Structures are given as structure tokens and as C-alpha cells.
Amino acid sequence: MKIMKFGGTSVGRPDRMHHVATLITRDEEPKIVVLSALSGTTNALVSIGEAMSQGDKDLAKQQIDKLSSHYDQFIQDLLVDERFRQKAKAVIAEHFEFLQIILKISFNEALNKDILAQGELMSTKMFSIYLEQQGIDHVLLPALEFMNIDFNDEPQIGTIRVKLNQLLQQNPQCKLFITQGYISRNARGEVDNLKRGGSDYSASLISAAVNASVCEIWTDIDGMHNNDPRVVKKTFPIEQLSFDEAAELAYFGAKILHPASIWPAQQYKIPVKLLNTMEPEAKGTLIQEEAGSVGVKAVAAKDGITVVKIKSSRMLLAYGFLRKIFEVFEKYRTPIDMITTSEVAVSLTIDNDASLPAILRELEPFGDVEVTRDQSIIAIVGNEIAQTKDLLGRLFMALSPVPVRMVSYGGSAHNISVLIPGQYKNQTLQLLNSGIFGLE
Ligand code: ADP
Ligand code: ASP
Ligand code: MG
């Protein structure tokens, strides 16, 4: 069985949905097809939620009505048979009725998650009706019945496997399943999600749960590029990456993959392919156990980083100091990305500062605490990168115009990270493109 995941732009226009239908029927292998919401929908649902949380019901209503007209037109263009058009209209109308009802009830976070789930629910239902119109046999699998996350928001592959297999066994003859990416059910039984871009994560979890032959991530670009194509003009696709390399790139900001999307596939040794829906014959990127080659593969950037620096002479020759500091971050469930220490100070970075005020209060007794916001981590990733001849020389030569704040080298065999002020990000990515990859 193989998994094929199609992102927002791949299903974001009626003609693209038609094209997806041809891609999933090209071979006979049984499949689970994971769909995102139509491009722009989740952003719209986020702003509807924001308007609601600020009590601005008029604005929320305006946004709901605008989205609703978009779906009316989409159905009109997607389907030609009036019978199926009417069916799709009725199905989508239910979702917009739900959105109209929320305008009348009090807003809370659980309701917000319900709002955010509408995108994937609508895209899969419309696609299913399109397949029906085309006479393509399939079954729609409700992700909310198998995609579970626990009290720590962590998906549990064991539970997902049991529930998903039960659903698959109910349809033993079926060769084509369609399901929603992104959405999940949490430990309280409420509708939840795997965070923005989470459909990649859904696909990887499903691959692991069914021991898929491959997890194909179909998107709008021909694979993982050596640098961020949104920032740098000349970039090129990478043919092969190891799981470790891909995981680092995803975690450190390569938007093509959700930050956590590699570990399930890696744990169950399922190869992942990044493919281009608009150019299906392009090679794309194969991600598997072996790296393919040694040396630098790509750079990526993660924005919105906050540095916390704790300075204390009590650190001198003391032990247990770092443990106490780490315990504070652990207590507030705030992951640390980079860390550098000297005899009297430690600097560490976080990307989630929701609990920062409480963390700072608890850190105060340890020494002088300094906070700097709006930093970016630039990750330079490649198998055995540290052994690449002249790399450090070339790296720091390229970075000479940039005020580097922290460096992490040696923590991992396939990553060197530097921390820079956010406003230098674009320039840094460009400088590395010429300094490391020789591209102007
Ligand atoms: P989807 O909607 O299919 O999930 P995304 O927008 O989430 O697509 O991811 C694809 C986008 O990721 C590309 O269009 C590209 O702009 C961006 N991207 C950022 N860094 C990279 C990279 N290193 N390689 C390829 N794409 C990247
Ligand atoms: N629709 C969700 C988002 O936009 C999930 C995804 O596209 O992967 O974040
Ligand atoms: Mg995505």
C-alpha cells in the first residue's frame, strides 16, 4: 500500500483536483490519499477564528461569506453533472451552516479547532464527490476516527495503527482510500490538529501505521531544494537525502515539510518522496536511510527565535547549574533549540515564547537574565558535514558581513547552526548560496 499526500496548491483549483485524480489512478497499487484544505482556506479559517476571539462577529461573517462564495464557484467548475453539483452544494452548505452557527455561540479554543478542521473536511468531501462523478471506486476514511493525539499533543502510532486497520478491514475490496490530513482528535475527545502544515505529518504517521511501501508528498515544487526558493533566486532540487538530513531541514524551517513529519517514516523505515504535482515526471527528492553522498546538501532558516541568556558567577566551577535551568524550561514544556555556554553564562534559544514570562520569573534567582527576540537560526545541513574540507572556512568567510550571535557545531554530524538577527536572514541565505554552493 502506498500513501500519496497532496498539499493545498495541489488541490486548490478545480483543474488541479482533476489532475490529482489522474495521478492517483495511474497504477494499481492500493492507496491512501491524504488531502490538505484548498490553498488559502486554512488561512481564512485562522482569521475567522481570530475575528471571533476579538468579538468582531461582523468581520468573521464577512470572511465566512467570502469563503462560501469561493466554494460555490469551485463546485461549479469542479463538477459537470448537475446531480453531483447539487450533492456537493448540499454537503458544503452544512459546513457553512456550522460556521454561521458559531457566530451565535461563545468562542473558545475547542471551538476554534472545530473551525480549523472545516478545510480538510470540505476538500476531501468535494474530491470524493468528483471521484464518484468519474466512476472511480473509493472510500472516504474519516481521519477523526483514527488520528489520535495524547495529552502532550503527541500522535501515538500504536493507537493510530489499530484504529486505522479496523477501518481498512471494513472495506477489504477497496483499493483507494481518501482521508483528511492535518486534523486529529485529542485526549479529551475533541477535534484538534497537528499544527500548520500538518498534512505532511498525517501522511507520514499513516505510512508508519500501515507499513506503506512509500510515502509520497505531492506539492508545488520538484523536491527539497538546496536553499529557500522563496528567498533565493537560484536554487536546485536535491535528489537524495537521509532521514536525518531531511528531519533537520524540516525542523529548521524548510517549509516543504512539516517540522515533525520525518520521524514516523524514519522509525518504520518508509521511504519518503517529495514530488511535484505540476510536473509529475520530475525526479523530486527521495528520502531514506542512506544519505547518498557526503557533504553539504542544503540550508534552511527558522524565524521568530528568542534568545535567553543567563549570566552568573555562581556558574563558575559549579555543577547542577545547567540542570536547574533546563528544569525550568521542561516545567513549561518549552523546547530549547540551540545552546552555548561559557564559564559564567549560558545562552539558549526557544521558538515558542508563550510561557516566557513565567520562565523568566523562575530564572531570576539564577543570575542576570537577558532576552533578545526576532532572531533566526540558519541551519547548514549535510551528511558528515563536519568532515567536509574547508567548509568552516567557506562558511565563516561567507558570513563575514553578518553579526553572528551563536554557533552550534559538533552537536550533530549533519548540522551546523548559526543564530543571527532576523533582519539578516535573506542576506545570509543569499550569501551562503554563493559562498557554499557557488550560485550567485
Ligand atoms: P503544500 O501546500 O503542498 O504543503 P507548502 O507551501 O507547505 O506546500 O510547501 C511547499 C513550499 O515550500 C514551496 O512552494 C517552497 O516555496 C517552500 N520551500 C521552502 N523551503 C524549501 C526548500 N528548501 N525546498 C523546497 N521548497 C521549499
Ligand atoms: N491545511 C493545513 C494548513 O494550511 C494543513 C496543511 O496544509 O498541511 O496548515
Ligand atoms: Mg505544507
Side-chain angles (χ1 to χ4, degrees), residues 4-13 16 20 23 34-47 49 67 113 115-124 143 147 179-184 192-206 215-239 241 245-262 272-279 282-285 287 296-303 378-382 425-426 429 432-433 437 439:
M4 298 175 83
K5 175 259 167 175
F6 293 88
T9 38
S10 302
V11 291
R13 286 193 341 219
R16 299 234 166 106
V20 168
L23 290 175
V34 180
L35 299 188
S36 294
L38 313 190
S39 51
T41 296
T42 311
N43 285 347
L45 295 169
V46 168
S47 23
L67 196 61
K113 302 275 178 64
I115 298 174
L116 294 176
Q118 301 309 307
E120 272 70 12
L121 292 170
M122 292 197 288
S123 65
T124 47
M147 188 56 74
T179 193
Q180 300 85 21
Y182 179 58
I183 59 175
S184 61
D192 211 316
N193 61 64
L194 303 177
K195 313 259 158 53
R196 293 306 306 271
S199 299
D200 305 325
Y201 199 13
S202 305
S204 179
L205 288 161
I206 293 170
C215 174
E216 295 182 350
I217 308 278
W218 290 81
T219 181
D220 59 0
I221 188 164
D222 55 348
M224 177 75 79
H225 279 221
N226 70 306
N227 204 329
D228 192 330
R230 294 166 300 176
V231 175
V232 172
K233 265 209 200 98
K234 281 193 191 150
T235 62
F236 59 85
I238 306 161
E239 266 185 45
L241 288 171
E245 290 171 327
E248 298 266 8
L249 287 167
Y251 185 74
F252 285 108
K255 188 189 173 232
I256 186 169
L257 284 172
H258 176 281
S261 58
I262 290 298
V272 176
K273 281 186 184 165
L274 307 181
L275 295 160
N276 189 348
T277 310
M278 325 315 162
E279 217 185 299
K283 259 203 175 123
T285 301
I287 302 167
V296 189
K297 298 276 174 58
V299 298
K302 188 170 172 180
D303 300 326
I378 308 287
I380 299 105
V381 173
K425 179 185 92 170
N426 290 2
L429 290 178
L432 293 176
N433 220 41
F437 299 101
L439 299 166

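This is a predicted model, so every value here is computed, not measured. Remember, it's 1-based here, ligands and their atoms both numbered in the order they're listed.
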(request) Show your reasoning for whether side-chain hydrogen bond (donor to acceptor under 3.5 Å, both in side chains) applies to Asp228 and His225. (result) CA-CA 7 Å; Asp228 192 330; His225 279 221; over 6 Å; no

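- In terms of protein heavy atoms, atom 6 (O) of ligand 1 is closest to Lys255 NZ, 2.7 Å.
- Contact annotation for Lys297 and ligand 1: no heavy atom of the residue comes within less than 4.0 Å of the ligand.
- Closest protein heavy atom to atom 21 (C) of ligand 1: Pro229 CD, 3.4 Å.
- Within the 4.0 Å heavy-atom shell around ligand 2 one does not find Gly7.
- Atoms of ligand 1 found under 4.0 Å from any heavy atom of Gly223 (numbered from 1 in listed order, with element): 24 (N), 25 (C).
- Residue Arg230 touches ligand 1 through its side chain alone, judged by heavy-atom distances below 4.0 Å.
- Under the 4.0 angstrom criterion for non-hydrogen atoms, Thr277 is not in contact with ligand 1.
- Nearest protein neighbour of atom 4 (O) of ligand 2, counting heavy atoms only, is Arg196 NH2, 3.0 Å.
- Ranking the protein heavy atoms by distance from atom 6 (C) of ligand 2 puts Ser199 OG, 3.3 Å first.
- At least one donor-acceptor pair under 3.5 Å links the side chain of Ser202 to the backbone N or O of Tyr182.
- Scanning the protein heavy atoms around atom 7 (O) of ligand 2, the nearest turns out to be Ser36 OG, 3.3 Å.
- Lys195 does not count as a contact of ligand 2, since none of its heavy atoms falls under 4.0 Å from the ligand.
- Of all protein heavy atoms, the one lying nearest to atom 4 (O) of ligand 1 is Lys5 NZ, 3.1 Å.
- Taking distance alone, with nitrogen or oxygen atoms compared against 3.5 Å, Thr219 approaches ligand 1 more closely than that limit.
- Checked by atom type and distance alone, the side chain of Asn433 pairs as donor or acceptor with a backbone atom of Lys234 at under 3.5 Å.
- At a 4.0 Å heavy-atom cut-off, ligand 2 does not touch His258 at all.
- For Ser36, no heavy-atom contact with ligand 1 is shorter than 4.0 Å.
- Of all protein heavy atoms, the one closest to atom 9 (O) of ligand 1 is Ile256 CA, 3.5 Å.
- Under the 4.0 angstrom criterion for non-hydrogen atoms, Gly119 is not in contact with ligand 2.
- Using bins of under 30°, 30° to 60° and over 60° for the plane-to-plane angle, the ring pair Phe437/Phe236 lands in the perpendicular bin.
- Close approach to Asp220 involves these atoms of ligand 1, each under 4.0 Å from a residue heavy atom: 10 (C), 11 (C), 13 (C), 14 (O).
- Ser123 places a side-chain N or O within donor-acceptor distance of the main-chain N or O of Glu120, the cut-off being under 3.5 Å.
- Looking at ligand 1, you'll find an N or O of His225 within less than 3.5 Å of one of its N or O atoms.
- The shortest N/O to N/O separation between Gly8 and ligand 1 falls below 3.5 Å.
- By the criterion of a heavy-atom distance under 4.0 Å, neither the backbone nor the side chain of Leu249 is placed next to ligand 1.
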